[in-house]
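The figures here come from the full heavy-atom set of this structure, side chains too, leaving out hydrogens, waters and symmetry mates. Nothing fancy with the numbering, it's 1 onward along the sequence. Indexing begins at 1, ligand by ligand and atom by atom, following the structure's order.
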Amino acid sequence: MEKELKEKLFNKKENGWKTVDTRQKEEIFKISENYMKFLNQSKTEREFVKEARKLADSNGFKDIMEFSELKPGDKIYFVNREKSMYLAIIGEEPIENGMHIIGSHIDSPRLDLKPNPLYEDTELAYFKTHYYGGIKKYQWTTIPLSIHGVIVKTNGEKIEINIGENETDPIFTITDLLPHLADEQMNKKLKNGIDGEDLNLLIGSIPYNAEDVTEKVKLNILNILNQKYGITEVDLTSSELELVPAFKARSLGFDEGMVAAYGQDDKVCAYTSLAAMMELEKVKNTAVCILSDKEEIGSMGNTGMESHMFDFFISEILNKLNINKPNLLDKVFCFSKMLSSDVDAGFDPIYASVSDKINAGFLGKGISLNKYTGARGKSGASDANAEYVAWIRKILEKNEIKYQIAELGKVDIGGGGTIAYILANKGVDVIDCGVPVLSMHAPYEVTSKFDIYSAFKTYKAFWQE
Ligand code: MN
Ligand code: MN
């Protein structure tokens with residue numbers, strides 16, 4: 001009797017794996033398998049956009065610029081400078097009734113090359129770097145790194161670089177001090193153990209075979225780059241080259257229930273929302289998928305969410321539906337709903353002291369909704385309205401999707417932000433939700449396959465509502 005009462009009244013928050021049968025487990029593992037394959041091809045925002053475009057093309061999506069008119073059921077996308085992308089399926093309902101938007105980001109913390117990266121010191125050649133996003137610098141030394149990106153020449157020729165991913169490629173690394181001589185370093189604060197200026201990538205050691213020149217190792221590297229790519233040193237000034245871990249995404253644990261990979265923040269939400277959109281045909285409300293860039297450094301710039309590029313995309317839809325009129329864009333946003341799909345800090349029992357166990361997101365308990373983000377008195381938060389949270393809960397419960405509602409860390413311990421506030425500023429109803437992650441922002445991040453599945457189901461249900 002009491003047991004039934006408790007069953008009825010308590011918010012259960014049970015482990016999702018307990019609710020899964022053999023067929024569902026196969027489905028869960030299949031989605032994660034596809035996710036890991038996609039991740040291995042898409043370690044940077046440019047690579048993600050390239051793969052996303054391929055996937056969209058093969059599922060009947062077309063560049064919005066190819067359309068002069070749009071009608072319900074049309075599947076479109078817009079690629080912004082190869083680094084961010086918006087996709088949409090035009091709904092059966094008038095777009096004035098609002099869109100259903102899911103927005104994630106496809107940039108991840110990493111090391112970027114400086115504009116003048118190459119130098120030689122004591123017959124070793126290096127690339128200088130400037131880190132991108134919030135990293136713990138010591139985590140980026142003594143691991144295999146690969147170089148991804150583009151070099152653009154003044155004649156417009158664009159050279160795509162991807163070195164260190166194939167087994168036959170060389171890799172690169174940043175060295176650290178041997179413990180025998182590290183007494184002074186080891187007595188520093190952890191955050192000062194490695195200086196940002198010391199994150200220099202080791203790239204070569206063989207001198208060019210010549211007598212009367214200096215910097216022979218640097219010369220040899222430039223000669224190799226010139227023969228391979230036709231570039232000279234100055235061409236590196238118009239490049240975007242990113243260093244990312246050369247690890248592959250792998251299943252983690254004896255039970256293979258987790259995924260370990262670089263860049264899961266936020267490619268786990270980006271991939272699952274993209275994959276969910278590929279499975280849609282007709283939708284009631286226009287479905288929009290945002291894959292944004294620059295979230296990790298504040299969403300600034302013309303590929304970041306703060307840019308008006310997204311407004312341009314929606315205006316272009318209104319134009320091509322032949323319904324545009326003054327202020328219609330504002331109206332569409334005011335009636336729209338959004339999931340800001342970004343990862344949550346997963347509860348880590350080893351570091352339990354930073355989390356409030358009653359309000360933390362746990363691995364394996366399903367997609368984690370953050371009603372608000374922010375830090376220290378909810379400062380900077382986009383706080384979802386109770387009415388909207390209830391509306392989302394209704395969809396999740398109706399579709400029997402496991403979810404949890406959490407916040408990032410204990411009060412006054414820290415916090416974080418996402419792109420949620422940017423869409424909220426336009427008048428959209430927004431809530432943050434995503435997959436809980438362990439070791440967030442580290443070179444190798446951990447997620448649960450159950451939560452990846454739960455995110456996929458959530459995104460699909462939200463668009464199908
Ligand atoms: Mn994120
Ligand atoms: Mn992040």
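Remark: the backbone N or O of Glu445 is paired with a side-chain donor or acceptor of Gln264 at under 3.5 angstrom.
A salt bridge does not link Asp293 to Arg81: none of the charged side-chain nitrogens sits closer than 4.0 Å to a carboxylate oxygen. At a threshold of 4.0 Å, the pair Glu240-Lys83 counts as salt-bridged, since one of the basic side-chain nitrogens sits closer than that to a carboxylate oxygen.
The ring of Phe127 has its center no closer than 6.0 angstrom to the ring center of Phe172. Taking the centre of each ring, Phe38 and Tyr271 come in below the 6.0 Å mark.
The environment of Lys248 atom NZ is dense: over 12 non-hydrogen atoms of other residues, nucleotides or ligands sit within 6.0 angstrom.
Atoms of the protein (N, O or S only) found under 2.8 Å from the Mn ion (ligand 1) are His105 NE2, Asp265 OD1, Asp342 OD1, Asp342 OD2.
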